[in-house]
Number of protein chains: 2
Amino acid sequence: MSVDRKKLIIEAATKSFSLFGYKATTMDQVAKIANVGKGTIYTFYANKEELFKEIVDNMIVEMEKEANDAINPEQPFMENLHLTLYRLLEFRREHQLMIKLFQEEREIRTPAVLEIVEEIENAIISFIAEKINIAIQKKYIKDCDPELTAFLMLKMYITLIVDWERIRKPLSKEEIAELFDLYLFKGLSF
Amino acid sequence: MSVDRKKLIIEAATKSFSLFGYKATTMDQVAKIANVGKGTIYTFYANKEELFKEIVDNMIVEMEKEANDAINPEQPFMENLHLTLYRLLEFRREHQLMIKLFQEEREIRTPAVLEIVEEIENAIISFIAEKINIAIQKKYIKDCDPELTAFLMLKMYITLIVDWERIRKPLSKEEIAELFDLYLFKGLSF
DNA sequence: TAATGACCGATTTGTTCATTCGGTCATCAC
DNA sequence: GTGATGACCGAATGAACAAATCGGTCATTA
C-alpha cells in the first residue's frame, strides 16, 4: 500500500493554517509540505474552504476532549462547569491554530475565518448547553434556557479572563472560580 | 457682541461627526458648516482630536443625564440598575453620533475612534460602579468589586441585547429584566 | 486510473502619481 | 492692535495601472 495521501494533506494543512492562518496559506504550499501534487488535494476536498473546515473540525474534537478531561466527577456541578469553561479558554489562548484564527478574525476579517469562528463558538455553546441541560434535569440549578445560559457563561468568562485583563489586572483561576460562583450561582442578593 | 464662534463650531462638528464619523469629517467641512474660517477652529482646539473629544464628552454628559432619568426612586435597586443599563444601551443604539462611532470602530478602526470608544466605556463603567458602590454600602447587595461588577453587568447587557439578537432571537425589555434578576441577583442555585 | 503540475481567469499586490487633508501663519478687517 | 481668516505646506490618502499570485481545472503521465 502506498502512502496515505489524505493524511499527509491533513497534517500539512494543519501545520500551515496554524503557522500562517487561512488567508496566508496557499494550496501550492500545502501540496509542497505534504509532498503531494496540488491536484491531489482536490480529489479529497472540493476547495480550500472545505479543507479548512476539516482541519478546524478536528481541532474542535480535540478541544472538547480536553474540556472533558478537566472534569472531576467528585466535584459539584458548578465547580466542574468552571473547570470546563476555564479549560476551554486555556485552549483558546494556547492552541496554535486557535490563536491564528482569532488573530485573523480581528485583524483581517477573512470571511471564511469569520464563519469558522462562529462555528467554533456554536460548538462550545452546544457543548456547555448540554451540561447545563443535564444539571437542570438533575435539579442542580434552577430552570433556565440552556443555550442562552451557556452563551452568557462563555461571554462572562471571556469578559473576566480576556477583557478585564486588557483594561485592568489579570485574575487568577481561583478568583475567577469565586466570581463565577458569586455572580451566577449564589447571586448578589442576601 | 459678535456671534459665539465656539458654539457654532461645536454645533457644526457635532453635526458632521454624527453624519460622517470622525475620519470622513474634515476640518474644512466643519469650518464651512459653522460659517467660520478654518483657522478660527484652531484658536479653540489644538487639533482635530481635541475637537472630537469635546463633542464626545458633551455626548457622554447627555447620556448620563438620560440614564439618570430612567431611574424610578420607588423601585428596588436592582430594578433601577436594570432600567439604567437598558437606557444606556438604548442610547447606544439610537444616538446618531454613538451609532457612527461604533460603526467606525468596527469597520475602519480609526485609532482616535478606538480611543474615544474606550473612554465612553470607562465613563459608563464609572457611572454604574458608583451606583453599585452605594448599593453595597446600603446592603442592598453582597460585597463585591464595584468596578468589576459594573464591567461584567455592562458586558452581560451587551451580550443579551446585541450578541444574542444577532445569533438567535431578540429579547424584550421584560425578558432581559427577568434574566438579569435571575442570573445576577437571585443566582442559579436553589 | 490515481496522481500530477502546467495552465487559466480572477483576485491581490506593488507602484506611481494626483488629490486631499490637517495644521500653520502672513495678511486682513475692524 | 487684535481676533479672524483662507492660501499655502508637507504628509497622508486614494486612484489607476501593471505585475504577480492564487484557487481551481484538466490533459497528460506513470
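Computed from a prediction, not measured in an experiment: that's the story for all the values here. Throughout, a chain's letter reflects where its sequence line sits, starting with A, and its residues are numbered from 1. In what follows, every heavy atom counts, from backbone to side chain, and hydrogens, waters and symmetry copies are set aside.
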| said: Measure CG/A:Asn47 against C1'/D:dG23 and give the value in whole Å, please. | reply: 9 Å

| query | Where each residue is assigned the nucleotide of DNA chain C containing its nearest heavy atom, which of B:Gly39 and A:Lys38 is assigned the position nearer the 5′ end? | reply | A:Lys38

| Which part of the nucleic acid does A:Thr26 contact within heavy-atom distance under 4.0 Å: base, sugar-phosphate only, or nothing? | sugar-phosphate

| request: Look at the side chain of B:Thr40 and decide which nucleotide, out of D:dG23, C:dA3, D:dA4, has an atom nearest to it. | output: D:dA4

| task | Round to the nearest Å and state the distance from B:Ile41 atom CD1 to D:dG6 atom P. | result | 11 Å

| task | Run the numbers on A:Leu19 and A:Lys100 for side chain to side chain contact (heavy atoms under 4.5 Å, CB included), then give the verdict. | result | CA-CA 7 Å; A:Leu19 261 148; A:Lys100 264 289 159 201; over 6 Å; no

| remark: Rounded to whole Å, CZ of A:Phe44 lies from P of C:dA2 at a distance of 10 Å

| said: Whole angstroms only, please: what is the CZ-C1' distance between A:Phe17 and D:dG23? | reply: 12 Å

| task | Pick base, sugar-phosphate or nothing for B:Lys48, based on heavy-atom distances below 4.0 Å to the nucleic acid. | result | sugar-phosphate

| task | Let me know the distance between CD1 of B:Ile108 and P of D:dG14, rounded to the nearest Å. | result | 9 Å

| query | Is the distance from OP1 or OP2 of C:dT13 to the nearest side-chain N or O of A:Lys23 less than 4.0 Å? | reply | yes

| message | For B:Phe52 together with B:Tyr45, are the ring centres under 6.0 Å from each other? | response | no

| query | Under 4.0 Å: is that the gap between some side-chain N or O of B:Thr43 and OP1 or OP2 of D:dG3? | reply | no

| Which part of the nucleic acid, if any, lies within reach of A:Lys32 when heavy atoms closer than 4.0 Å are counted: base, sugar-phosphate only, or nothing? | nothing

| Quick one: does NZ or CZ of B:Lys131 land under 6.0 Å from the six-membered ring centre of B:Phe127, within 45 degrees of the ring axis? | yes

| remark: Sorted by position of nearest nucleotide on DNA chain C, 5' first, the leading residue of B:Glu49 and A:Arg5 is A:Arg5

| Heavy-atom side-chain contact between B:Val117 and B:Glu104 under 4.5 Å | no

| request: Could you state the atom-to-atom distance from CG of A:Asn35 to P of C:dA2 in whole Å? | output: 21 Å

| query | Should we count CD of B:Glu74 as having more than 12 external heavy atoms under 6.0 Å? | reply | no

| task | Grab the OH-C1' distance between B:Tyr42 and C:dC25 for me, whole Å please. | result | 13 Å

| task | Would you kindly give the CE-to-C1' distance between A:Met27 and C:dT11, to the nearest whole Å? | result | 16 Å

